[in-house]
Protein chains: 2
Amino acid sequence: MPKKVDHEERRREIAAAVLRLVATRGVEAASLRAVAGEAGVSMGAVQHYFTTRDEMLRFALAHNNTLLAERGARLLAERQPATPRETFRLFCDLLLPFDEDSRTAARLWAGLISRACVNEPTRELAAAAYTGLTDFVVRQLSGALPDADAGRAARHLVSVIEGLRWPVLFGVYTRAQAMGILDDQFELIFRPARAR
Amino acid sequence: MPKKVDHEERRREIAAAVLRLVATRGVEAASLRAVAGEAGVSMGAVQHYFTTRDEMLRFALAHNNTLLAERGARLLAERQPATPRETFRLFCDLLLPFDEDSRTAARLWAGLISRACVNEPTRELAAAAYTGLTDFVVRQLSGALPDADAGRAARHLVSVIEGLRWPVLFGVYTRAQAMGILDDQFELIFRPARAR
DNA sequence: GCTTATACAATGCAATCGCATTGTGAAACG
DNA sequence: CGTTTCACAATGCGATTGCATTGTATAAGC
């Protein structure tokens, strides 16, 4: 019938435009027209791929989560961390807004959170993102710790990292200060079991 | 001259309407008209007290921060926590979205964060809120720990609490699970110094 | 080659937005 | 008692919003 177009690929392209807008000017700025302009297509095209603005935003934020997961897996594969501590540092670099990439990701995360507060499907998305991240960390830790401790350690580490995201993004902590807090945390958690 | 009106008090009343809207329907919903309607005044009144929507939002979010600080001080005064652990639990109840009040506060916090990502004055506000909170906790802890440790412990505790806010709000952790994580953390930090 | 389904593009529309302007009633001051 | 000044109320305006509708170019199936 008509032209053959990779539907999902086009959606992802438009989603990328959404993410650029959300990261630089906030969720409110991601209007249909602005997105169309940013993506270099007509507004009709955006409407063709997303029935509603809400669906567009939800897809974009979900897409961003899979991008982040891929980035984490890639980092893990290429840096091959040998010790739990190296793995941990890798996650810090991935999740905390130290460089421009992760600062962008943090701003997107902020958009996700603010929408999740008032939009049920987005809330489910955010909840899934948190559980997914924690599970991922559990799996990374499961070699280095007994299973029972791995779960606990993962929840600890994820909590502290998450708790540092906004202070770091807003300039309350420098990278060195944040890493200091995280190092302390790491020491505490990975102290030999007998000392606990 | 004209009627005598407590200017700041009126601003706070309007800000309360803003906060109600932000908490229930998000920052975007706090339009001048909606705020006027919620506050039960005309749009002209809102404009009379705030020169711009941006200023209105900033004032409302800053106002919310002082309300939260007052609430913390009041809780501290009436519950008179004797041990660091009791103090800590008090802060958890204050900051984590366990009841409807603190869930509202968390949604407001989300609004603050998302705006802080794209609005410089709001960013400063958010940064000040984080440092203010940490300083407050340091002061609470300074009796129970040597000064050097109090700062470190405070940054730890605040980080973990902050890291649990969104998972709790989005239903990833129940109150019991969150408190379990926090208890563990508390144990780690307050373990006798010789064991470190 | 005609049909048909797709992939957009263009435009229209009612609603809403922030903000500016203007009007009015009242109260304090001279 | 008149003037001034503040506290609003009402309305207007241009811009922008999400969404619906319509038009059209293209290309695969029969």
Using a 4.0 Å cut-off on protein heavy atoms (strictly under), produce a 5'-to-3' string for nucleotides 14-21 of chain C with B for base contact, S for backbone-only sugar-phosphate contact, and - for none.
-> ---BBBB-
Contacts of A:Thr83 meeting side-chain hydrogen bond (donor to acceptor under 3.5 Å, both in side chains) (sequence neighbours excluded), chain-then-number -> none
Please report, rounded to the nearest Å, how far the C1' atom of D:dC6 is from the NE2 atom of B:His48.
-> 6 Å
Rounded distance in Å - CZ (A:Phe50) to P (C:dA7) | 14 Å
Taking only residues two or more places apart in sequence, or in another chain, which ones meet A:Asp101 in a side-chain hydrogen bond (donor to acceptor under 3.5 Å, both in side chains)?
-> none
Results of side-chain hydrogen bond (donor to acceptor under 3.5 Å, both in side chains) for A:Glu120 - residues two or more places apart only | A:Arg123
Solution key, residues 138-145 of chain A side-chain donor-acceptor pairs under 3.5 Å, sequence neighbours excluded:
unit_1   : atom_1 : unit_2   : atom_2 : d
A:Ser142 : OG     : A:Arg139 : O      : 2.9

With B:Thr87, which residues qualify under side-chain hydrogen bond (donor to acceptor under 3.5 Å, both in side chains), at least two apart?
-> none
